[in-house]
Participant: 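Structure below; questions to follow.
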Amino acid sequence: MNITLIGLGYMGLPMAAILARAGHKVHGVDINPAVVARVNKGECPFAEPGMSELVAEAHASGNLHADTAPVPADIFLLSLPTPVDHTTHEADMSYVEAGAAAIAPVLKEGDLVILESTSPLGGTEVNVKAVVEKTRPELADKIDYVFCPERAIPGDTLREMVENDRLVGGLSERATERGLELYKTFCKGELIPCTAGEAEMVKLVENASRDAQLAFCNELHMVCDKLGLDFWRVVKFANHHPRVNIFTPNAAGVGGHCIAVDPWFIVHSAPEIAKQMRATREVNDSKPLWVAGKVREAVRRMGKDKVTVACLGLAYKPDVDDLRDSPGAVVIDELANDSNLELLVVEPNIDSWRRPLTPLGEAIARADVVVCLTAHKPFRALTSRELQGKQLVDACGVWRHLDGVTNVI
Ligand SMILES: NC(=O)c1ccc[n+]([C@@H]2O[C@H](COP(=O)([O-])OP(=O)(O)OC[C@H]3O[C@@H](n4cnc5c(N)ncnc54)[C@H](O)[C@@H]3O)[C@@H](O)[C@H]2O)c1
């Protein structure tokens, strides 16, 4: 198949490379010329296991080419950002609408358009089909539209993109059938036919459900601390129950482009009813500020006029370079209000940030207080000798096992 794929980001580029490996001719499109240039050199612009090799292979095979503009194809895939407006909690579908407007001029009768971006209920119809038909009214009912949400996880994207089960939801039965035919060419997981609306809602529900589990663990962490109980032991003991599975945090809060965002799309569509989902978001958003409070507690214990705090981890989860909705950044921005603090920021997975970054060894050597904001591997490997004499704010429970260190949490 000739496929034009719009949006070569964390999800779009792996999908483009997988489709190219499956033998399709993929024309990848991105508005960022730097991304296009990297892909056309056979390089992956972000860190993801296996991607450097796969993009190089797809490029060398001649099946993957990138450009800044779409070309005619049989199938069009949209993998564009769908952030939330943090004031109104409404999905920002402007990127998807821009992508739909960009493909409209090159679409022809019989093409298949697939939206993979996480979208609110009705997104495929309203933000893609309607946008195409606004400029190409003659194509009404002559194009098939499918919603197929992406469920892969950064860090294991390539395996999950192929092995995960997928929902394939067409705006018509014929569209669903055509979508199934495409995903069959590379997907080893079960392909589940459904409606576009079901697929849109299920993707949101999956992330809202995980958000709720994380809010339970985050709230419990704060409650146990308030009551003077060891949260980690409470969770461990509770999880001995055969039907209980409480999470433990691996970051200072809930961030990233999915779990911290998608539940709002449901809340926004049914604000009077989705009370628990709203409360869940609020609990998770409050956690980084609570962690900042624990840092201030540790700082007070030092009893010094000027205290150096090493803040370890900006990525929203361990061992990735994705800083979107970073809970670590919320903690750092909050602490930046305190004039008695010198903040050293450590993030081994990126080269630069809006504040200077400090190498891990130097930050530990200079710090009075060390804060684990994301449980990256090098932070988990720190020894009691390296952390001796520091006040530790261990939001991710990575240093609990070390003897002779002072943990504030
Ligand atoms: N990253 C994840 O873990 C993940 C997982 C599952 C689902 N999703 C969903 O997948 C979708 C894409 O997410 P992502 O993480 O790949 O986003 P991303 O920001 O990494 O990538 C989006 C890409 O689209 C490009 N772009 C923006 N507007 C464009 C336009 N008009 N034309 C062409 N290119 C354009 C950007 O330059 C960027 O390279 C989102 O809806 C997201 O919610 C993401």
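Worth saying up front: this structure is predicted, and the values here are computed from it rather than measured.
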Participant: Do Leu392 and Leu402 come close enough that some side-chain heavy atom pair is under 4.5 Å?
Facilitator: no
Participant: Over all heavy atoms of both residues, which pair between Ala336 and Arg355 is shortest? Give the atoms and the distance, please.
Facilitator: CB-NH1, 3.7 Å
Participant: Just wondering, are more than 12 heavy atoms of other shown residues or ligands nearer than 6.0 Å to CZ in Arg210?
Facilitator: no
Participant: Would you sort out whether His221 and Trp232 count as a ring pair (Phe, Tyr, Trp, His ring centres under 6.0 Å), showing the intermediate values?
Facilitator: CA-CA 8 Å; His221 193 183; Trp232 308 89; 5.6 Å; yes
Participant: Could you tell me whether Glu109 and Lys142 have a side-chain N and a carboxylate O separated by less than 4.0 Å?
Facilitator: no
Participant: What are the two closest heavy atoms between Val346 and Ala363, and how far apart are they?
Facilitator: CG2-CB, 3.4 Å
Participant: Tell me the closest heavy-atom pair linking His376 and Val320, and the distance in Å.
Facilitator: CE1-O, 3.7 Å
Participant: Sort and list the pairs that fulfil salt bridge (charged side-chain N to carboxylate O under 4.0 Å, His left out) and have at least one residue in residues 173-189, not counting sequence neighbours.
Facilitator: Asp144-Arg174, Asp144-Arg178, Glu181-Lys184
Participant: Testing the 3.5 Å rule here: is there a donor-acceptor pair between the side chains of His59 and Glu43?
Facilitator: no
Participant: Hey, is Glu116 close enough to Arg166 for a salt bridge, meaning N to O under 4.0 Å?
Facilitator: yes
Participant: Is it true that Asn349 and Asp321 share a donor-acceptor pair across their side chains at a distance under 3.5 Å?
Facilitator: no
Participant: Quick check on Lys275: does its NZ atom have over 12 non-hydrogen neighbours (other residues, nucleotides or ligands) under 6.0 Å away?
Facilitator: no
Participant: Can you name the residues that form a salt bridge (charged side-chain N to carboxylate O under 4.0 Å, His left out) with Glu97, not counting sequence neighbours?
Facilitator: none
Participant: Which residues pass the side chain to side chain contact (heavy atoms under 4.5 Å, CB included) test with Thr4, sequence neighbours left out?
Facilitator: Ile6, His27, Val29, Pro70, Val71, Ala73, Phe76
Participant: In terms of side-chain geometry, is the basic nitrogen of Asp338 or Arg296 positioned less than 4.0 Å from the acidic oxygen of its partner?
Facilitator: yes
Participant: Between Arg366 and Glu362 (salt bridge meaning N to carboxylate O under 4.0 Å), is one present in this structure?
Facilitator: yes
Participant: How about Glu57 and Ser61: does a side-chain donor come under 3.5 Å of a side-chain acceptor?
Facilitator: no
Participant: State whether a side-chain donor-acceptor pair under 3.5 Å links Gln391 with Thr406.
Facilitator: no
Participant: Tell me the salt bridge (charged side-chain N to carboxylate O under 4.0 Å, His left out) pairs involving residues 226-253, sequence neighbours left out?
Facilitator: Asp230-Arg400
Participant: Output every pair passing salt bridge (charged side-chain N to carboxylate O under 4.0 Å, His left out) with a member in residues 12-35, not counting sequence neighbours, ordered by first then second residue.
Facilitator: none
Participant: Looking only at side-chain N and O atoms, does Asn284 offer a donor or acceptor that is under 3.5 Å from a partner on Asp211?
Facilitator: yes
Participant: Using a distance-only test with no angle check, is there a side-chain donor-acceptor pair under 3.5 angstrom linking His268 and Thr88?
Facilitator: no
Participant: Hey, are Glu200 and Thr124 close enough side-chain-wise for a donor-acceptor pair under 3.5 Å?
Facilitator: yes
Participant: Looking at Phe247, I'd like to know if its CZ atom is crowded, meaning that more than 12 non-hydrogen atoms belonging to other residues, nucleotides or ligands lie closer than 6.0 Å.
Facilitator: yes
Participant: Mind listing the closest non-hydrogen atom pair of Asn218 and Lys287 along with its distance?
Facilitator: OD1-NZ, 3.0 Å
Participant: Parallel, tilted or perpendicular for Phe46 and Tyr10, by the 30°/60° rule?
Facilitator: tilted
Participant: So, using ring-ring contact (aromatic ring centres under 6.0 Å, His included) as the criterion, who are the partners of Phe186 when residues are at least two apart?
Facilitator: Tyr183
Participant: Between Arg151 and Glu163, does any side-chain N to carboxylate O distance fall below 4.0 Å?
Facilitator: no
